[in-house]
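These values consider heavy atoms only, across backbone and side chains, with no hydrogens, waters or symmetry-generated copies.
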2 protein chains.
Amino acid sequence: MEPVNLKRLAQELKLSVATVSRALNNSSSTSPATKARVVAMASKLKYEPNPHASSLRRHTSKTIGVILPEVANPFFSLVVNGIEEVARDQNYHVLLYLTHDNYEREVAITRLLVGGRIDGVLMSVASASQDFTHLDLLRERNIPTVFFDRVYDGLHTAQVTTDNCDSSYAATGHLIDNGCRTIAHLAVSNSLYIGRARTRGYAAALHDNRIPFDDELVRYAQPSQRQDVAMIQGLLQRRPDIDGIFASVESLAMSSYEACQNLGLSIVTAIKIIAFSNLEIATFLSPPLTTITNQRTLWAKPPPGYCLTQSWKTRRFQPATAWN
Amino acid sequence: MEPVNLKRLAQELKLSVATVSRALNNSSSTSPATKARVVAMASKLKYEPNPHASSLRRHTSKTIGVILPEVANPFFSLVVNGIEEVARDQNYHVLLYLTHDNYEREVAITRLLVGGRIDGVLMSVASASQDFTHLDLLRERNIPTVFFDRVYDGLHTAQVTTDNCDSSYAATGHLIDNGCRTIAHLAVSNSLYIGRARTRGYAAALHDNRIPFDDELVRYAQPSQRQDVAMIQGLLQRRPDIDGIFASVESLAMSSYEACQNLGLSIVTAIKIIAFSNLEIATFLSPPLTTITNQRTLWAKPPPGYCLTQSWKTRRFQPATAWN
DNA sequence: TGAATCACTGTAAACGTTTACGTAAATAAA
DNA sequence: TTTATTTACGTAAACGTTTACAGTGATTCA
């Protein structure tokens, strides 16, 4: 079985490979007649160009790499959906890599991508990352990079993020307005800009309401969900005065639900929970979870240059809960 | 700025390109001394091989294409997680494509992949597909293909699926055992094997319990979630005798929750709902949703040849609900 | 000593495309 | 008609890697 490539088409049509190639890329200097013959034969033999040959020659792959912590998470699911959709519309391909918040994995993946496999990178940094030198390689090799959500502010590139500090301030304030006085903050990482921003908003809200900042109340995500639950249970047992939880990611909210259930603590009555989340079915949770939702924003056109910070709008307090 | 490729390394080391290539692929016939020199220089210059050149030459890309209806869905999220993990372990790359259950999209994507971009395809067929000729192209071009969950039984390849008929029989039986007599079945598609199998199990359970099969009670998913809710509301209003719903996918269960809420119908008391679902937080739903869970199975080794049907285990009735 | 083997390296072709350049015929301008 | 221009196509090189093959010393064996 002969392969279907340009050479094959050329033989079949008694033309040169170059002419066939030009005809298919509807270059200007090809006669309409042969162009028609070529496309007819191409569709007859179901010709599909070999992308590796083309990428090698053109130095572009029409492929973008997407590096995420995980995909089993409503927020990142939405992100992947959006990325794939836009990519497909532009005839781009999406290579997906998951770090599972593992630093070594992130480094290994980044290294893989600098060989020319992709034309650009979309990335949400792993929360376990402390050292970001591996990301500098992306700029050294001139690979356009956009950070989103969990951004790395060290590299001077485009980034897409929410107004984390502001939203966290509002979320914490919302708990305070509803009577909470001892509010735990469950954070992802303090080496990431996003983590620091959310903690900053939390602290600012406490300060403006004359509530002392208590270091013991700020806890960080563990490597596994199981450990998260244990950590939260421990915290709630050590500090029975806690009457509010501000979770900076959805999974920590769910772990809080589980911890409260295990301890027999009534959510809403005893402890109110608010979280950054994109869970569509938050209303059907028992009790409904108050969420801060990252709204999807569409870029009408690419940003001018690569050093712009675009932020998501966040819609606050979605949906209505039992206590607000 | 000179590019970092084999030629560059060869110049730097005063060796031929071939020797450098052999040293890096630790071929047998290279002296340990030069091999060491080469890898040292490669890591110094942060050399990464160009995958397109390599793929072109080797006729393999170490890349698999994954074609899914969507990713914003706990089941497919889990699937993507698993695929990416195994792929990364084997040094493979994952190209992700989403069909959004759109037939034309699926055809277009399939065509894209036959040009040699990928070494194999993992696919869950779009529910809107009626015609499967586009999939035959995959076999014509000898592209290894594995269908999962929403399988296409026309092509004689490996497929991974749940014991749909059996699980549906059990799920429907579970509703009947709990007193339901008028059970609606919300299905995805009847052109897909999976859809037919699930409906078959539903019908068999009715039959074995001497409940007549009622065509009006079998409804199919609509293009949008909003329309699903409207469809279910319509059904429930037309047929107030419905006391059970068997949803063949999670989103239809969630739409049922919404429909019941809109109509003021009490789930559990008035209507019991059971669904295929991988929603981890199903217990936290109000009321908890009874689910049939697709358990993840690991293939210890690839199947012998490509015409084996491997099935998932399904764990039934997870988690415990208020009514069972 | 000569032939045979071995370890290592270089030469060159190939993978399938794209594209600068050359060339021939056809057309336009003189 | 001759000359310039255009149109359409072919030739060949390039992209970066792999690999069959050949070549070169060095070592081994007879």
Euclidean distance, atom [atom1] of residue [X] to atom [atom2] of [N] [Å, nearest integer]:
X: A/Asp119; N: D/dC15; atom1: CG; atom2: P; value: 18 Å
X: A/Lys62; N: C/dT17; atom1: NZ; atom2: P; value: 17 Å
X: A/Lys14; N: D/dG10; atom1: NZ; atom2: P; value: 12 Å
X: A/Arg58; N: C/dT17; atom1: CZ; atom2: P; value: 11 Å
X: A/Lys35; N: D/dC9; atom1: NZ; atom2: P; value: 10 Å
X: A/His52; N: D/dA14; atom1: NE2; atom2: P; value: 24 Å
X: A/Leu56; N: C/dT19; atom1: CG; atom2: P; value: 12 Å
X: A/Gln11; N: D/dG10; atom1: CD; atom2: P; value: 13 Å

Inset, instruction - Give a yes-or-no answer on whether the side chains of B/Tyr103 and B/Asp131 include a donor-acceptor pair shorter than 3.5 Å. - result: yes

Inset, instruction - Drop me the distance from A/Met41's CE to A/Leu24's CG, to the nearest 0.5 angstrom. - result: 12.0 Å

Inset, instruction - Could you tell me whether B/Pro32 contacts a base, only the sugar-phosphate backbone, or nothing, with contacts defined as non-hydrogen atoms closer than 4.0 Å? - result: sugar-phosphate

Inset, instruction - Let me know, please, whether A/Ala18 or B/Ala18 comes out on the 5' side of the other along DNA chain C by nearest nucleotide. - result: B/Ala18

Legend entry - DNA chain C: 5'-proximal contact among A/Ser21 and B/Val17 (nearest heavy atom): B/Val17

Inset, instruction - Answer yes or no: is there an ion pair linking A/Arg141 with A/Asp136, defined by an N-O contact shorter than 4.0 Å? - result: no

Inset, instruction - Flag the pair A/Asp101 and A/Arg150 as a salt bridge only when some basic side-chain nitrogen lies within less than 4.0 angstrom of an acidic carboxylate oxygen. - result: yes

Examine [N]: is either OP1 or OP2 under 4.0 Å from a nitrogen or oxygen in the side chain of [X]? Give yes or no.
X: B/Tyr47; N: D/dT17; result: yes
X: A/Thr34; N: D/dC9; result: yes
X: B/Asn50; N: D/dG16; result: no
X: A/Ser31; N: D/dC9; result: yes
X: B/Ser16; N: C/dG10; result: yes
X: A/Thr19; N: D/dG10; result: yes

Legend entry - Check: B/His134 main-chain N/O paired with B/Thr110 side-chain donor or acceptor under 3.5 Å: no

Legend entry - Pairwise 5' ranking along DNA chain D for B/Arg22 and B/Pro49, keeping only the more 5' one: B/Pro49

Inset, instruction - Would you mind telling me which of D/dT17, D/dC9, C/dG16 lies closest to the side-chain atoms of B/Asn5? - result: D/dT17

Inset, instruction - Looking only at side-chain atoms of A/Thr30, point me to the closest of D/dC15, D/dC9, C/dG16. - result: D/dC9

Inset, instruction - Fit a plane to each ring of A/Tyr152 and A/Phe147, take the angle between them on a 0 to 90° scale, and name the class: parallel (under 30°), tilted (30 to 60°) or perpendicular (over 60°). - result: perpendicular

Legend entry - Base of D/dG16 paired with side chain of B/Arg8 (donor-acceptor, under 3.5 Å): no

